[in-house]
Amino acid sequence: MTNLIDIPLATASQILPLHILLPLLLAIICFLVKSSSIVKWLSIATGILHLLFALVLVSLAVSQNGAVFTYSIGGWDAPLGISLILNAFSAIVLLMTATISLAITIYSGHYFKDVEQARRFWPLWWLLNTALCGIFLSGDLFNLYVMLELMGLSGVSLIAINKSQSAIKAAYQYLLVGLFGSLLFLFGVALIYREYGLLDLSMLAATAQGSLLTKCALGFMSLGLILKTALYPLHFWLPDAHASAPAPVSAALSALVLKGTFYILFMLWFSVLTPATTFLGASIIGAFGAIAILWGSVKAFTTDKLKLLVAYSTVAQVGYLFILFPLMYQYPTKTLGAAAYFIVAHACAKAAMFMAVGNIQRVAGHDDIKRLSGIASHMPLSIFIFAIAGVSLMGLPPSGGFIAKWIMFESALETKQWWWIIFLVVGGLLSASYLFRVLNLAFTTPTVEHQVHVSSSAEGGLLSALVLAVITIVIGLNAMWILDIIDIGLVTSTLGTDK
Amino acid sequence: MWINLMFDCLLVVLILVLATGALFSTNVFTGIVLFISLGLAVTIAWIRLNAIDVAIAEVTIGAGLTGALFLGAWKRLEIKKRLQHSINITETKND
Amino acid sequence: MINAHDSTSLKNRYVFIIIMAISMLAGCVIYALLQTPAPQNIMYDLVQANIQQSGVTNPVTAILLNFRAYDTLLEFAVFFCVSIASLPYLDAGVSDSSDLETQDAPLFSLVKVLAPLTILLAGYMLWVGSFKPGGAFQAGALLAGCGLLLTLSNVGVTRMNGFWWRSIFSMSLIFFILVIGFSYLHSHTFLMYPTTLSGRLILFVEFAATFSIAATLYLCYLSVRGKVSQGAHRAS
Amino acid sequence: MQAELYSVCGVILFALGLIAFLVKSGVFHKVLALNVMGIGVFMLLLATSAFYPNAIDPLTHGMVLTGIVVAVAGSALALNLATQIDLPLQSDEMK
């Protein structure tokens with residue numbers, strides 16, 4: 001361990017706490033400063049700075065052969081203090097978070113016309129960013145709980161910023177689910193602490209055993225996190241919450257917040273409490289994931305509202321993430337790449353899609369799919385983004401979604417779990433059918449009474465969404481890029497945290 | 001030693017009874033009041049467990065302020081219900 | 001009629017299944033707990049070994065504001081988040097004349113005595129936190145309780161949206177970040193206080209945190225309770 | 001013995017809260033159930049440090065203090081949102 005920490009790495013580690021401090025500082029400034037234009041430009045500048053930091057970290061991680069960055073906060077080493085950890089996997093997720101949050105920041109600058117809403121949005125948005133970066137960097141179980149609460153509460157407040165009854169109801173339900181999930185997680189943390197007297201993840205990874213208490217703890221934590229990640233039977237809160245939030249918030253919730261909870265779950269299963277996991281448990285989770293794909297797709301196909309359609313598509317896509325579990329259990333080296341790919345591809349595609357849909361909804365004044373026929377001629381850019389993001393969600397060739405599914409195919413064949421392939425294929429077909437339903441309507445000529453009137457400047461804020469949509473294609477064309485980083489990371493450390 | 005253990009047992013039973021009462025009472029107000037008393041009982045438990053800091057925080061924040069929040073919200077919803085009720089009555093009269 | 005009966009019996013069955021499942025789960029956890037030996041107690045020794053450098057002698061304060069100050073920073077962020085979320089609801093009230101609040105003289109004179117006492121107690125709590133049980137959270141809660149007492153006797157505070165109130169809500173974080181910046185200049189490490197000053201810096205952060213926590217808790221109460229106006233607003 | 005007693009009590013409190021959260025409807029009972037679950041977890045944590053009465057682990061106390069404060073923040077936000085919802089409140093369908 002000591003030979004890894006040479007001088008450039010130690011200096012580079014200094015960037016880690018900045019990922020948390022920077023958004024936190026900006027949240028305070030946004031809360032205190034009244035002028036919304038200052039806040040907007042400052043936010044965009046910080047977003048760029050944040051992205052640069054993340055880029056520096058990833059390039060350092062690559063150039064140092066996938067070294068694991070650790071940083072003991074306050075100089076207190078692990079069991080006493082809290083340490084931040086960054087490995088190749090979390091570096092990629094962090095870079096993705098920085099990119100998407102910059103895109104959403106730029107988009108929100110255009111989106112919020114109401115000054116009151118904008119003033120409430122910015123501080124909460126930066127708090128959400130703090131929590132997300134904190135989750136991807138955290139190396140401590142209790143710290144993860146606090147981060148989860150911060151993420152949950154800021155997410156809830158963001159849903160409720162437009163004060164409409166439906167938004168408040170959705171926010172209330174989301175809050176109850178969030179608090180309940182965090183408490184289940186905290187119960188698991190308490191059980192772990194009861195058994196090992198430790199909270200630090202890398203130390204736990206070294207000492208954890210497969211005893212009954214650890215299994216119980218992992219079960220409770222998984223249950224809480226699965227509830228927050230909205231896997232099939234526990235997804236009931238997601239469509240309302242994601243559909244009634246303002247578009248930038250829906251984008252953030254779908255693209256980033258779900259990934260935050262999934263990341264914790266994934267890390268707990270495959271790098272911290274691995275001795276307590278069983279193939280049966282992983283398969284059960286995978287089975288629910290498979291049902292989620294079918295159920296979410298069918299619901300997306302039958303719904304009338306465009307935003308609900310995208311929200312149900314999230315339910316389906318979350319299913320794929322959980323199918324990774326049984327594959328990961330048997331063939332971790334390969335599946336880790338699929339996980340990283342899937343997370344990045346889905347996050348970029350879903351964020352772009354929600355932004356495009358938000359734009360359509362705002363310009364057309366509604367999001368009834370039936371009344372949107374012919375929208376493509378009025379808002380070509382929005383539909384274009386929707387289509388590109390859709391390509392990635394379906395898993396068609398030149399996209400990140402395709403690569404992710406391809407690797408999942410391979411590892412399913414390799415581990416002789418061919419039955420998951422059926423769900424991958426059927427899920428792809430189903431998502432194609434519900435997405436083409438929208439695209440088909442968008443290109444038909446509308447009847448006279450359903451004409452949509454659009455002002456010329458309707459698509460100004462979509463540039464960032466376009467960039468995200470292009471990213472989903474670029475990572476598909478340049479498949480080796482993310483996989484290389486993951487492979488480099490695998491050489492020096494086992495999966496998640498260093499041991 | 002033996003007396004201490006007896007006391008702990010009694011306290012645990014009291015806490016469980018109060019919790020059951022608070023959670024499964026049909027009347028909301030009773031539930032809130034029982035919850036506040038649960039907070040006080042738990043405070044004693046924290047003292048028994050040598051956690052004085054936590055006991056102070058529990059009695060001020062856990063029992064006191066959470067209780068005040070619950071009572072405030074309860075009061076507000078009662079008033080809201082009354083208003084709603086009167087509106088409903090006037091509406092039916094108008095019809 | 002049959003339908004309604006069916007749905008209640010279905011609900012009863014559902015409730016029964018939930019209760020059975022959770023009881024079994026709890027039984028399993030309790031069995032596992034009783035099987036597990038007590039954990040090794042490394043934390044106590046570690047804290048005892050390092051408490052000299054932490055600047056305070058109360059181990060809990062040392063944990064909260066030095067060893068694991070990062071958690072506390074984020075906890076202040078949680079509070080900050082709640083205050084941002086609660087502010088817009090401050091004026092949206094439907095209360096009519098309320099009987100929880102009174103204007104009768106005995107209560108008011110009691111409050112006049114109690115309020116300064118609570119403030120004094122809060123100050124003591126804050127100061128004592130560095131070597132005995134106590135600290136910012138407890139002091140903040142006491143201060144908020146004082147605010148609550150004042151509200152109950154109709155001594156209200158207005159315009160919590162103003163700049164000064166907003167800076168009080170964010171005060172804990174601002175002071176904390178100032179301290180972080182200051183100590184970074186000394187030690188070049190995130191959240192590592194200079195040893196000679198750490199006691200004072202911790203007190204500084206706790207001082208700010210007390211006000212923020214009190215203000216936020218008070219704000220929570222006010223926004224939950226709603227604005228007291230004489231039957232002005234009606235639920236739509 | 002004391003530590004075991006309180007940890008069992010903590011688990012039972014957590015289970016009671018869990019049942020009430022899933023079974024009961026209505027704002028107050030849901031939030032009360034969350035609070036009781038929280039108390040259960042805190043008791044479990046503090047009981048862990050009671051295994052060594054002469055060498056109390058302050059980390060659990062710190063965690064519980066943080067937990068209490070976060071729980072209050074969550075309940076306050078929940079009650080705040082709940083009071084903003086127009087009646088009838090019974091229509092909120094949670095599993």
Side-chain angles (χ1 to χ4, degrees), chain B residues 1 4-5 7-9 11-16 18-20 22-29 31-32 34-35 38-39 41-42 45-46 48-58 60-77 79-81 83-85 87-88, chain D residues 1-3 5-6 8-10 12-14 16-21 23-24 26-29 31-33 35-40 42-43 45-50 53-54 56 58 60-69 71-73 75-76 78-80 82-89:
Chain B
M1 190 62 213
N4 275 346
L5 199 63
F7 183 75
D8 283 333
C9 285
L11 190 60
V12 163
V13 170
L14 176 71
I15 286 172
L16 290 179
L18 282 177
T20 320
L23 290 177
F24 298 98
S25 67
T26 42
N27 185 346
V28 173
F29 185 73
I32 295 171
L34 283 175
F35 176 76
L38 172 68
V42 163
W46 297 164
R48 293 283 309 143
L49 289 168
N50 284 322
I52 311 295
D53 297 78
V54 183
I56 300 172
E58 178 76 40
T60 49
I61 303 181
L65 274 164
T66 314
L69 281 176
F70 273 116
L71 284 176
W74 175 77
K75 180 105 181 67
R76 180 169 180 184
L77 282 182
I79 292 169
K80 213 169 171 180
K81 256 183 216 159
L83 278 176
Q84 187 98 344
H85 191 62
I87 288 171
N88 285 346
Chain D
M1 198 56 215
Q2 194 195 26
L5 181 68
Y6 280 106
V8 169
C9 177
I12 295 176
L13 272 181
F14 186 81
L16 278 176
L18 207 62
I19 292 172
F21 185 82
V23 168
K24 285 284 206 173
V27 180
F28 288 99
H29 279 103
V31 185
L32 277 178
N35 274 293
V36 172
M37 280 166 75
I39 291 177
F42 302 151
M43 194 173 277
L45 275 172
L46 288 180
T48 304
S49 69
N54 302 319
I56 294 286
T60 53
H61 294 194
M63 283 199 278
V64 172
L65 271 176
T66 312
I68 288 178
V69 175
V72 167
S75 321
L79 289 175
N80 207 337
T83 47
Q84 305 300 325
I85 300 175
D86 286 345
L87 299 170
L89 276 163

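Model, not experiment: these values are computed from the prediction. Letters go in sequence order (proteins before strands), and every chain restarts at 1.
Side chain of His29(D) to main chain of Ser25(B): a donor-acceptor pair is present (N/O by atom type, distance under 3.5 Å, no hydrogens or angles).
The closest side-chain heavy-atom distance from Leu16(B) to Cys9(D) is below 4.5 Å.
For chain B, the option among Ile19(D), Leu32(D), Ile68(D) with the highest count of heavy-atom pairs below 4.5 Å is Leu32(D). Taking chain D as the reference chain and counting heavy-atom pairs below 4.5 Å, the highest number among Val28(B), Thr66(B), Val54(B) is found for Val54(B). With chain B as the partner, the residue from Thr60(D), Val8(D), Ile56(D), Leu79(D) showing the most heavy-atom pairs under 4.5 Å is Leu79(D). Counting heavy-atom pairs closer than 4.5 Å to chain D, the top-ranked of the candidates Leu69(B), Val12(B), Ile15(B), Thr20(B) is Val12(B). Taking Asn80(D), Val69(D), Asn35(D) one by one and counting their heavy-atom pairs under 4.5 Å with chain B, the maximum is reached by Asn35(D).
In this structure, Leu49(B) CG and Gln2(D) CD are separated by 5.5 Å, a value rounded to the nearest 0.5 Å. Rounding to the nearest 0.5 Å gives a distance of 9.0 Å between OH of Tyr6(D) and CH2 of Trp46(B).
There is no contact between Leu65(B) and chain D, counting heavy-atom distances below 4.5 Å.
In plain terms, the two heavy atoms of Lys80(B) and Thr83(D) that are nearest each other are NZ-O, 2.6 Å.
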Stepwise side chain to side chain contact (heavy atoms under 4.5 Å, CB included) check, Leu5(D) with Cys9(B): CA-CA 8 Å; Leu5(D) 181 68; Cys9(B) 285; 4.1 Å; yes
Practice task
Tell me, with the steps shown, if Leu77(B) and Phe28(D) meet side chain to side chain contact (heavy atoms under 4.5 Å, CB included).
Solution key: CA-CA 11 Å; Leu77(B) 282 182; Phe28(D) 288 99; 3.5 Å; yes
For this session: Decide yes or no on side chain to side chain contact (heavy atoms under 4.5 Å, CB included) for Phe35(B) and Val31(D), but give the supporting numbers first.
Result: CA-CA 11 Å; Phe35(B) 176 76; Val31(D) 185; over 6 Å; no
Under the criterion side chain to side chain contact (heavy atoms under 4.5 Å, CB included), I'd like the reasoning laid out for Met1(D) against Asp8(B): C-alpha separation, chi angles, the key distance, then a yes or no. CA-CA 10 Å; Met1(D) 198 56 215; Asp8(B) 283 333; over 6 Å; no
